[in-house]
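Before any comments, here is the structure.
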Amino acid sequence: MLSTPFSTATSPCTSPPPPITTHQPPHSPETLASLITTSKTIKQLFQIHAAVIRHGFHNHPLVNFKLQRSYSSFNRLHQSLTLFNLTPNPNVFFYTSIIHSHTLHNLHLPGIKLYIQMISQDINPNEFTFSAVLKGCPLDSGKLIHPHVIKLGFDRNMHVRTALVDVYSRSGDLASALQLFDTMPERSLVSLTSMITGYTKHGDLVNARALFDAMTERDAVCWNVMIGGYAKYGKPTDALTLFRKMMRAKMNPDEVTLVVVLSACGQLGALESGRWIHSYLQNNGIHVHMNVHLGTALIDMYSKCGSLKDAQLVFNKLKNKDVIAYNSMITAYAMHGLSQEALVLFRSMCRMHTRPTDVSLIGILNACAHSGLVSIGKGVFLSMKVKHKTEPTIEHYGCMVNLLGRAGYVEQAYGLVKNMKVDPDPVIWGTLLDSCTLHRNVRLAEEIVKFLVDHNLANSGTYILLSNLYAATSDWAGVARMRTMMKDHRVYKEPGCSSIEVHNKVHEFVAGDMKHPNSEKIYMMLDEVNGWLKDHGYAPQTDIVLHDFGKKERARSLEVHSEKLAIAFGLISTEAGSTIKIVKNLRVCLDCHEVSKLISKITRRRIIVRDRNRFHLFEDGSCSCGDYW
DNA sequence: GTAGGGTTAG
């Protein structure tokens, strides 16, 4: 235990201060001030602070100021604030610095309170103060401070103006942001980046890209914003394309670039590209195990690309694991159906005094859902409030509804939805209807759909799910009714889409796709596969199709599900015996699941499919999900 | 002596 100058201000310091090598008289305020600035560890700072007190310089303005700043830079905001409060008549420097420290810790409201305190003490803020208080501050506070900026004439200052642009653009008031941006005395790289960030944060990638393309100079930060924008808004292919452009432009990627690119790789299931980044890190002397951001991004990428082993390797080597790193690994186990491993890791995380967050609990509940661990899941859910001090959110309820519904307790799940403290959302109704389909519970499904329609809560998913249920029970008249209703309400089914990465390139397929350059060969392969399946006595399952086709046509439409096209392409374009990895946007359908099992047996290939919810590893005729998904 | 833009988990 370190003795700090705060707890033992008058007790002797146990270790001597570092040797003094300047020609300043020993322990002059100037020497101490420069020692504070150069201290490398919090321990050194404590020692110097003790020396300051011993020599009676604790009221020296410069020394005091530097101590305040240093504590803050070592993440000791509390100590920094104590010093500030002990400072008699703090001037604008003290105020600006302590406000900035709060801002950096995302404590905007206390920062704004200090700003108000400063004004009430008749200390005039300057351009530095405004930059500090506006950085990252919420829109309503920003709007209150904006007139002060104008009144004191700092709105032409580059830093202050940029901070204002940032306040508005971050909060989505892009019109105000743009107005401030367009009337700037001059644009800077930073102000442009802030504007681009505003666009990307609100999904306007087109305007963001237009500004980005028009830039005359670019640094890593603005590349990161643009690439990250694509990654976040479901355009991972564009993110990777832009990243390659960045490399061609000889701009060195930094840690943030690689984190967002890894996220894009994960979304795409682009393992080869992800591995390339991992090698890049190793070749450039970046120690992944020392960097929790990159480590976590790699865990997430490997897990989403189906390489759980690699995710575990990175996780095990990772030093200073934080809750996000744990959550990534717990989620990885859950997605791969390894529920016990997820639970074990969760418990060991709690033992290491890392407090679980709502995401950890979502991970655990999903892990239970993927293995039908009903009573464990119920236990976790009930303990959330007491043990983990977390109020269940709609997402936790969603997990529980999924867990109960999948396991066959559909009525219990419905009861939970009716009695929960939060308003049900379309996702939770969808989950419930999905369970009705799985367990062929037409009566409850119709009751739910009637409720949704009566309360104006029905959406495209509602009709699709009920339609699937009618199809599953061969009620083709019901399917037809749904189709008419969907046409009347102009709702369309989200098209199924599967992708596969071959030789560093991602190929996408939608159902019945003929657009791929190798289409002819793919369909020939598919015919061959269908022949094998027939030889193995497989009859296509015709009950999950949405369309009211005749039996033969229904079989035909199943044959060309996007997933089968991707597998067929994988079979013709990868080495015999190698693993085929598919990523798809919807859940695996029953027929594709059966077919994948058989193909894995017939071709002796491992097939890994990542669907909307989890992984399926098909090997030698069976699936890692144990047919429970 | 004080200032503006970017990061990971569901």
Side-chain angles (χ1 to χ4, degrees), chain A residues 33-34 36-37 61-70 72 90-101 103-104 125-136 154 157-167 169-170 184 188-198 200-201 219-229 231-232 253-263 266 291-301 303-304 321-332 334-335 356-366 393-396 398-399 427 613:
Chain A
S34 81
I36 293 166
T37 316
L62 185 62
V63 171
N64 212 359
F65 176 79
K66 294 228 160 172
L67 277 172
Q68 185 192 307
R69 278 188 60 87
S70 284
S72 165
N91 61 17
V92 61
F93 292 103
F94 283 85
Y95 266 110
T96 300
S97 165
I98 197 68
I99 291 170
H100 191 223
S101 305
T103 305
L104 291 179
N126 61 20
E127 61 270 48
F128 291 85
T129 322
F130 283 120
S131 301
V133 74
L134 287 171
K135 181 187 168 86
F154 290 120
N157 174 280
M158 180 73 92
H159 285 87
V160 178
R161 179 67 79 97
T162 303
L164 277 170
V165 168
D166 193 54
V167 165
S169 79
R170 242 184 319 103
M184 280 183 87
S188 67
L189 176 57
V190 178
S191 63
L192 266 158
T193 308
S194 176
M195 202 59 226
I196 295 172
T197 310
T200 59
K201 279 226 164 104
D219 64 359
V221 176
C222 71
W223 281 99
N224 295 348
V225 168
M226 200 61 234
I227 295 171
K232 199 151 210 167
D254 64 9
E255 178 192 328
V256 179
T257 324
L258 300 167
V259 165
V260 299
V261 171
L262 283 170
S263 155
N291 187 317
V292 73
H293 283 143
L294 278 167
T296 305
L298 277 169
I299 292 165
D300 183 53
M301 180 279 292
S303 128
K304 287 186 177 149
K321 299 177 179 78
D322 63 3
V323 66
I324 302 180
Y326 274 106
N327 287 352
S328 306
M329 198 63 228
I330 289 172
T331 305
M335 282 207 301
T357 63
D358 54 333
V359 179
S360 332
L361 291 156
I362 289 170
I364 285 299
L365 292 175
N366 272 330
T393 65
I394 184 83
E395 279 153 314
H396 297 104
C399 294
V427 179
N613 275 1

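Lettering follows sequence order; numbering is per chain, from 1.
- As rounded to whole Å, 12 Å separates atom C1' of dT2(B) from atom CZ of Phe154(A).
- Note that the OG1 atom of Thr129(A) and the CG atom of Leu134(A) stand 10.0 Å from one another [nearest 0.5 Å].
- Using modelled atom types, no side-chain atom of Ser70(A) and backbone atom of Leu67(A) make a donor-acceptor pair closer than 3.5 Å.
- For dT2(B), the base has a donor-acceptor partner in the side chain of Thr96(A) [N/O atoms by modelled type, under 3.5 angstrom].
- Listed nucleotides dG4(B), dA9(B), dG5(B) differ in distance to Thr331(A); the shortest reach to its side chain belongs to dA9(B).
- Using cut-offs of 30° and 60° for the angle between ring planes, the Phe154(A) and Phe130(A) rings count as tilted.
- Residue Leu189(A) is in base contact, counting any heavy-atom pair closer than 4.0 Å across all strands shown.
- For the residue pair His396(A) / Thr393(A), a side-chain donor-acceptor distance below 3.5 Å is found, with atom types taken as modelled.
- The nucleotide whose nearest atom lies closest to any side-chain atom of Thr357(A) is, among dA9(B), dT8(B), dG4(B), dA9(B).
- The base of dG5(B) lies outside donor-acceptor range of the side chain of Ser194(A), with no N or O pair under 3.5 Å.
- Atom CZ of Phe128(A) and atom C1' of dA3(B) are 6 Å apart (whole Å).
- Rounded to whole Å, atom P of dT7(B) lies 14 Å from atom CG of Asp219(A).
- Every residue was checked against the ring-ring contact (aromatic ring centres under 6.0 Å, His included) condition with Phe93(A), not counting sequence neighbours, and none meets it.
- Side-chain proximity of Phe65(A) to dT2(B), dA9(B), dT8(B): nearest is dT2(B).
- Atom pair Leu134(A):CG and dG4(B):C1' shows a separation of 10 Å (rounding to whole Å applied).
- Lys232(A) comes within contact range of the sugar-phosphate backbone alone, with a heavy-atom separation under 4.0 Å but no base atom that close.
- For the pair Lys66(A) and dT2(B), the criterion of a side-chain N or O lying under 4.0 Å from OP1 or OP2 is not met.
- Picking from dG4(B), dG5(B), dT2(B) the nucleotide with the shortest atom distance to the side chain of Met158(A) gives dG4(B).
- The distance from atom CD1 of Ile36(A) to atom P of dT2(B) is 14 Å, rounded to the nearest whole Å.
- Taking every side-chain heavy atom of Asn91(A) into account, dG1(B) is the closest of dG1(B), dT7(B), dT2(B).
- In this structure, Asn291(A) atom CG and dT7(B) atom C1' are separated by 10 Å, rounded to whole Å.
- Applying the 4.0 Å criterion to OP1 and OP2 of dA3(B), one finds that His100(A) has a side-chain N or O inside that range.
- Evaluation of His159(A) against the base of dA3(B) yields a stacking contact (centre distance < 5.5 Å, interplanar angle < 30°).
- The closest side-chain heavy-atom distance from Ser360(A) to Tyr326(A) is not below 4.5 Å.
- A stacking contact between Phe93(A) and dT2(B) is absent: the pair does not combine a ring-centre distance of less than 5.5 Å to the base's six-membered ring with planes differing by less than 30°.
- Applying the 3.5 Å distance criterion, the base of dG10(B) shares no donor-acceptor pair with the side chain of Asn366(A).
- Considering only side-chain N and O atoms, Lys201(A) lies nowhere under 4.0 angstrom from the phosphate OP1 or OP2 of dG5(B).
- Side-chain N/O atoms of Lys135(A) include one lying less than 4.0 angstrom from OP1 or OP2 on dG4(B).
- For Ser188(A), taking side-chain heavy atoms from C-beta onward, the closest of the listed nucleotides dG5(B), dG4(B), dT2(B) is dG4(B).
- Residue Phe94(A) is classed as a base contact, given a heavy-atom separation below 4.0 Å to a base.
- The residue Thr193(A) sits close to a base: some heavy atom pair falls under 4.0 Å.
- Closest to the side chain of Val359(A), out of dG10(B), dT8(B), dG4(B), is dG10(B).
- In terms of the ring-ring contact (aromatic ring centres under 6.0 Å, His included) criterion, Phe128(A) has no residue partners (sequence neighbours excluded).
- When each of dT8(B), dT2(B), dG10(B) is scored by its nearest atom to the side-chain atoms of Asn126(A), the top-ranked nucleotide is dT2(B).
- Between the side chain of Thr162(A) and the base of dG4(B) there is at least one donor-acceptor pair of N/O atoms closer than 3.5 Å.
- A close approach under 4.0 Å does not occur between any side-chain nitrogen or oxygen of Arg161(A) and OP1 or OP2 of dG5(B).
- Between the C1' atom of dT7(B) and the CG atom of Asp254(A) lies a distance of 9 Å, rounded to the nearest Å.
- With rounding to whole Å, Asp322(A) atom CG is found 9 Å from dA9(B) atom C1'.
- In the set dT8(B), dG4(B), dA9(B), dT8(B) carries the atom at the smallest distance from any side-chain atom of Val259(A).
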